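None of the values given here were measured: they were computed from a predicted structure. Basis for what follows: all heavy atoms, side chains included, without hydrogens, waters or symmetry-related copies. First listed ligand is number 1; within each ligand, the first listed atom is number 1.
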Amino acid sequence: MTYTKAWLNYQPVKDAPKSVGVVLPEMGPIAESIGQELILACEGMYGVTPVFDGTAFMAELQILFIRDQSGDFGEEGYRIEASPESINIIAGGQRGMLYGMFRVLERLRLRGRKRYTIESIPSNPFRMLDHWDNLDGSIERGYSGLSFFFRDNEMTVTQRIRDYARMVASIGINAVCINNVNVRGVAAELITERFRKPLIEVAEIFEAYGIKLYLSLNFASPKRLGGLDTSDPCDEQVRAFWKERIDDMFTNVPNFGGFVVKADSEGEPGPFAYGRTHADGANMLAEFAAPHGGIIIWRCFVYNCQQDWRDQKTDRARSGYDNFIGHDGEFAENVILQIKNGPMDFQVREPVHPLFGGMKNTNLMLEVQIAQEYTGQQRHVCYLMPMFRGILDFKTYSGAEADTVADIVSGRAYGNRNCGMVAVTNTGDDENWTGHDLAAANLYGFGRLAFDTTLSPERIAEDWIGLTFGTDPKVKENVMRILMMSWPAYEKYTSPLGIGWMIKPSVHYGPDVEGYEYDRWGTYHRANHMGIGVDRTPGGTGYTTQYPEPLASLYADPATCPEELLLFFHHMPYAHVLKSGKTIIQHIYDTHFEGAEEAAEMQKLWEELEDLVEPAAYARALARFQHQTEHAAEWRDRINTYFHRISWIEDEKGRKIYD
Ligand code: GCW
């Protein structure tokens with residue numbers, strides 16, 4: 001299948017030098033990738049093949065890689081000193097050189113040959129993508145085609161994996177887990193001989209781009225693969241099973257990073273079945289991975305998914321914190337807890353998970369989802385960098401001098417080395433990688449933001465637009481407007497004021513206000529004829545008490561609770577007046593009309609680019625914009641009708657609401 005080059009499409013540029021010389025006094029797979037990329041880029045941009053020999057110094061443009069011995073840049077940082085004639089990329093290691101080179105190529109494409117100096121050291125040690133790819137080729141919550149790692153219960157090793165590795169290395173990703181955290185059926189056997197050969201091949205491809213390979217494992221493997229009658233992490237035979245498997249993987253698969261584990265979560269097996277804690281489970285695996293420098297990434301997405309909707313005390317939002325906080329400080333140094341950004345599940349708006357700042361003596365990693373499971377599934381545009389920016393900037397009040405989420409997951413706040421950011425990825429084998437062409441901005445953006453958590457969403461968007469669509473000012477203006485209005489618009493026409501859900505069960509797409517209201521998943525809005533929202537104050541579920549002060553009090557009082565989260569924390573009457581002077585019900589009506597209009601406006605902004613964007617990309621995205629406009633109107637009408645029917649309150653502006 002053919003596929004686009006996304007943001008690595010090296011189009012001819014204006015100020016092309018007639019010759020390029022490269023001095024790269026390095027050997028090995030990463031150095032080779034650097035050389036190959038420079039050839040590809042210079043041929044595409046300038047129509048010249050760079051020379052790598054002694055004549056390099058005579059070239060009109062020279063690119064020099066220099067190894068820095070000071071240690072200031074670590075393995076991954078770099079300094080670029082550029083002028084129109086020569087560019088020095090100074091780094092402490094080859095990964096730094098690789099990242100520096102990609103940054104140089106971006107600058108050459110976006111701004112031409114200029115004089116500048118940049119220094120960059122990644123904010124986060126771990127910058128990871130999690131694939132939810134299944135062995136049969138399907139992707140759980142995948143909206144861009146099938147897997148390019150697996151098909152028909154086999155691994156597929158193709159050029160596409162190399163191009164994927166190039167793409168994600170260009171944005172600084174250094175770890176990738178290739179299989180779904182729900183490890184079902186034959187997927188459990190990825191840690192056995194059966195998949196050894198292709199796994200080594202993928203690991204080697206990744207290695208050439210500085211990416212460690214990770215696998216998700218099934219905690220019940222001792223039973224399922226080892227023929228034991230228990231998977232109790234404290235059982236000697238179970239320990240022997242894992243020691244043998246883990247030693248084998250690290251010894252025989254080069255560049256292997258470790259494992260991701262979803263345990264005791266949504267039906268996956270875990271230590272609870274044996275009366276053990278998550279620390280018992282994670283540390284046992286970590287003990288055997290440690291001699292190899294391996295990492296265990298343990299997910300905190302643990303909650304009761306068999307809840308009774310009548311039960312108003314049990315609160316899914318509480319569960320991550322309740323399950324883990326008591327184990328702070330118990331986890332081994334090579335365990336990282338992977339925590340979703342919010343306490344529920346990647347909704348369009350959630351408060352920041354209270355475990356950030358809560359667990360001070362544990363390595364933490366922030367998990368976000370660019371697959372847009374609940375934010376339009378790569379059919380609606382929803383540029384998520386503004387959301388991620390807000391999460392990173394969130395002040396946790398956990399006590400450290402610098403205590404934002406960015407400070408915590410980078411390791412700065414509490415002196416941790418193993419921590420970082422991970423995204424559930426949005427890639428598949430679709431022609432354009434991400435279903436919606438504009439969804440690639442989320443992939444590109446996540447990598448850039450994880451590498452440098454100070455970047456603004458606008459700056460990232462600007463770079464991505466230029467690299468993907470070229471530098472036409474109209475394209476830049478319109479696509480920028482679309483991206484920046486997209487998340488607020490999506491929030492407006494879907495569920496209001498932080499309450500979330502209201503989507504069709506299991507597919508998680510399209511409006512269904514009561515879809516989850518009487519279900520077992522702990523996801524309720526509790527709307528009745530008087531009001532809506534979940535009381536999570538001390539008088540309700542008590543979730544607010546999981547935050548330190550002043551946050552706990554701030555959230556617990558409707559007068560100070562940030563309004564975008566009001567219904568997440570409080571059950572409020574429809575007649576409650578917001579700071580805007582509008583009642584909640586009027587806010588619901590207004591935002592739904594506005595959001596649907598904004599969807600139509602985004603379509604219009606795209607249509608203005610008909611002759612300015614490559615025709616195939618234009619057409620692909622246009623079809624999605626048309627769908628989004630219609631679908632946003634469906635959301636508007638369903639939500640407005642529902643609340644009109646149960647509240648009996650009229651829209652002040654007398655607009656069309658169905659009954
Ligand atoms: O939100 C849920 C998704 C599941 C997913 C789970 C998780 C991989 O609907 O499909 O399972 O999150 O994060 O483990």
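With respect to the salt-bridge test (charged N to carboxylate O, under 4.0 angstrom), the residues D429 and R160 do not qualify.
Remark: A289 engages I246, F250, I296, N334 in a side chain to side chain contact (heavy atoms under 4.5 Å, CB included) (not counting sequence neighbours). Under the side-chain hydrogen bond (donor to acceptor under 3.5 Å, both in side chains) criterion, D535 pairs with T537, not counting sequence neighbours. Under the side-chain hydrogen bond (donor to acceptor under 3.5 Å, both in side chains) criterion, H380 pairs with Y493, Y509, H631, not counting sequence neighbours.
Judged purely by distance below 3.5 Å, without hydrogens or angles, the side chains of N218 and S221 never pair a donor atom with an acceptor atom.
Remark: R536 is positioned above the aromatic ring of F568, its terminal NZ or CZ atom under 6.0 angstrom from the ring centre and at most 45 degrees off the axis.
Within 4.0 Å of ligand 1, heavy atoms belong to protein residues W132, E140, R141, N180, V181, N182, K262, E266, R299, F301, K340, D345, E373, Y374, H508.
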